[in-house]
Amino acid sequence: MKIGELSRQTGASLRSLRYYEQQKLLAPMRTDNGYREYSPFAVEQVETIRFYLNLGFTTEQIAGFLQCVLQNKEAFCRDVLPVYETKIAELDDQIRLLARIKSNLEDRVRAIMEERGQSSPVRMKGDKRNDSDRDDG
DNA sequence: CTTCTAACA
DNA sequence: TGTTAGTA
């Protein structure tokens, strides 16, 4: 099948399909006119690729175990587990970073609340005092 | 009309 | 990734 049909059957865009090939995740044949020719198996291959992409793996990581996973069961491909562990570790780092940012934001909110607690006049939504110099509305 | 490559808003 | 240009 040609790229258009594969795209329709998998939901992957033409751009993505060509990109997967560039990343060595797919290796379609070429017809005389230079058109890509995919085997019927390309459908499940693309589905597998997208499955791992959705887990957050890079095309490079996927390229490492794709062949094995397409032929055997995931549990029998030794190169897979390390990738999962790496991804989980990265996620932990991101979570720590986000937690730190969140903590800082919460600290600032507290600081603002305290400052208000001592000087009462604070304008809230709906307050009609001195609203003549706004650029919206 | 479909696909190809390369490049850019 | 989308989109687009100019082809084959």
Side-chain angles (χ1 to χ4, degrees):
Chain A
M1 68 182 88
K2 291 196 301 298
I3 196 170
E5 191 183 334
L6 181 60
S7 174
R8 289 190 297 275
Q9 289 192 19
T10 62
S13 66
L14 301 177
R15 180 73 152 81
S16 294
L17 258 20
R18 293 173 183 136
Y19 177 68
Y20 298 159
E21 177 180 352
Q22 193 176 5
Q23 298 304 300
K24 296 179 165 52
L25 264 32
L26 292 177
M29 302 273 72
R30 292 294 181 130
T31 57
D32 304 62
N33 51 47
Y35 286 12
R36 271 166 269 249
E37 185 63 40
Y38 299 89
S39 79
F41 291 122
V43 175
E44 63 172 284
Q45 291 185 206
V46 172
E47 292 174 338
T48 300
I49 291 171
R50 297 184 92 200
F51 171 78
Y52 289 112
L53 244 24
N54 285 328
L55 290 186
F57 294 166
T58 65
T59 53
E60 189 182 333
Q61 294 175 316
I62 298 173
F65 59 70
L66 183 58
Q67 282 309 312
C68 179
V69 171
L70 288 173
Q71 304 176 334
N72 317 281
K73 293 198 64 176
E74 190 183 44
F76 287 63
C77 298
R78 309 173 196 103
D79 293 336
V80 178
L81 197 55
V83 177
Y84 274 97
E85 297 173 326
T86 296
K87 187 62 190 178
I88 290 174
E90 293 173 350
L91 254 23
D92 281 334
D93 287 341
Q94 294 180 225
I95 290 173
R96 291 194 193 86
L97 175 60
L98 292 175
R100 202 188 96 215
I101 293 174
K102 179 183 177 184
S103 180
N104 289 336
L105 292 177
E106 292 175 331
D107 286 345
R108 297 223 62 317
V109 170
R110 292 199 198 83
I112 292 174
M113 294 305 276
E114 286 177 29
E115 212 165 304
R116 287 183 176 178
Q118 295 178 29
S119 57
S120 49
V122 175
R123 286 198 55 189
M124 301 296 281
K125 287 183 183 175
D127 190 328
K128 298 304 179 187
R129 290 173 296 170
N130 189 42
D131 63 348
S132 55
D133 60 333
R134 290 182 306 179
D135 60 335
D136 54 56

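Bear in mind that the values here come from a model prediction, so they are computed numbers and not experimental data. Note on naming: letters A, B, ... go to the chains in the order of the sequence lines (proteins, then strands), and numbering restarts at 1 for each one.
A:L17 places its CG atom 13 Å from the C1' atom of C:dT1, with the value rounded to the nearest Å. Between A:K2 atom NZ and C:dA8 atom C1' there is a gap of 14 Å when expressed in whole angstrom units. Between the CG atom of A:L6 and the P atom of B:dT2 there is a distance of 16 Å, rounded to whole Å. We find that CG of A:D32 is positioned 17 Å from C1' of C:dT7, with the value rounded to whole Å.
Taken to the nearest 0.5 Å, the CG atom of A:L25 stands 5.5 Å off from the CG atom of A:L66. Atom CD of A:E74 sits about 12.0 Å away from atom CG of A:D79, to the nearest 0.5 Å.
Side-chain heavy-atom separations under 4.5 angstrom define the hydrophobic clusters, and the remaining members of the one that includes A:V109 are A:M113.
No side-chain heavy atom of A:R36 sits under 4.5 Å from any side-chain heavy atom of A:K2.
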Step-by-step side-chain contact (heavy atoms from CB on, under 4.5 Å) determination, A:K87 to A:F57: CA-CA 7 Å; A:K87 187 62 190 178; A:F57 294 166; 3.7 Å; yes
Residues A:L26, A:I49; criterion side-chain contact (heavy atoms from CB on, under 4.5 Å); working and verdict: CA-CA 9 Å; A:L26 292 177; A:I49 291 171; 3.9 Å; yes
Write down the protein N/O and nucleotide N/O pairs, taken from nucleotides 4-9 of chain B, whose separation is under 3.5 Å; answer none if there are no such pairs.
residue	atom	partner	partner atom	Å
B:dC4	OP1	A:R36	N	2.9
B:dC4	OP1	A:R36	NE	2.9
B:dC4	OP2	A:R18	NE	3.3
B:dC4	OP2	A:R18	NH2	2.9
B:dT5	OP1	A:R30	NH1	3.2
B:dT5	OP1	A:R30	NH2	3.2
B:dT5	OP2	A:R36	NH2	2.3

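Taking the six-membered ring where the residue is Trp, A:Y84 and A:Y52 present perpendicular rings, their angle passing 60° and hence far from 30°.
A salt bridge does not link A:E90 with A:R96: every distance from a Lys NZ or Arg NE/NH1/NH2 to an Asp or Glu carboxylate oxygen is 4.0 Å or more.
Annotation: side chain to side chain donor-acceptor pair (under 3.5 Å) contacts involving residues 4-13 of chain A, sequence neighbours excluded, comprise A:E5-A:Q9, A:S13-A:S16.
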Watson-Crick or G-U pairs under 3.5 Å in DNA chain C, rendered as dot-bracket with [ ] for crossing pairs and | for another strand: .|||||.|
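Across residues 42-53 of chain A, not one residue has a non-hydrogen atom less than 4.0 Å from an atom of DNA chain B.
With sequence neighbours excluded, no residue forms a ring pair (Phe, Tyr, Trp, His ring centres under 6.0 Å) with A:Y38.
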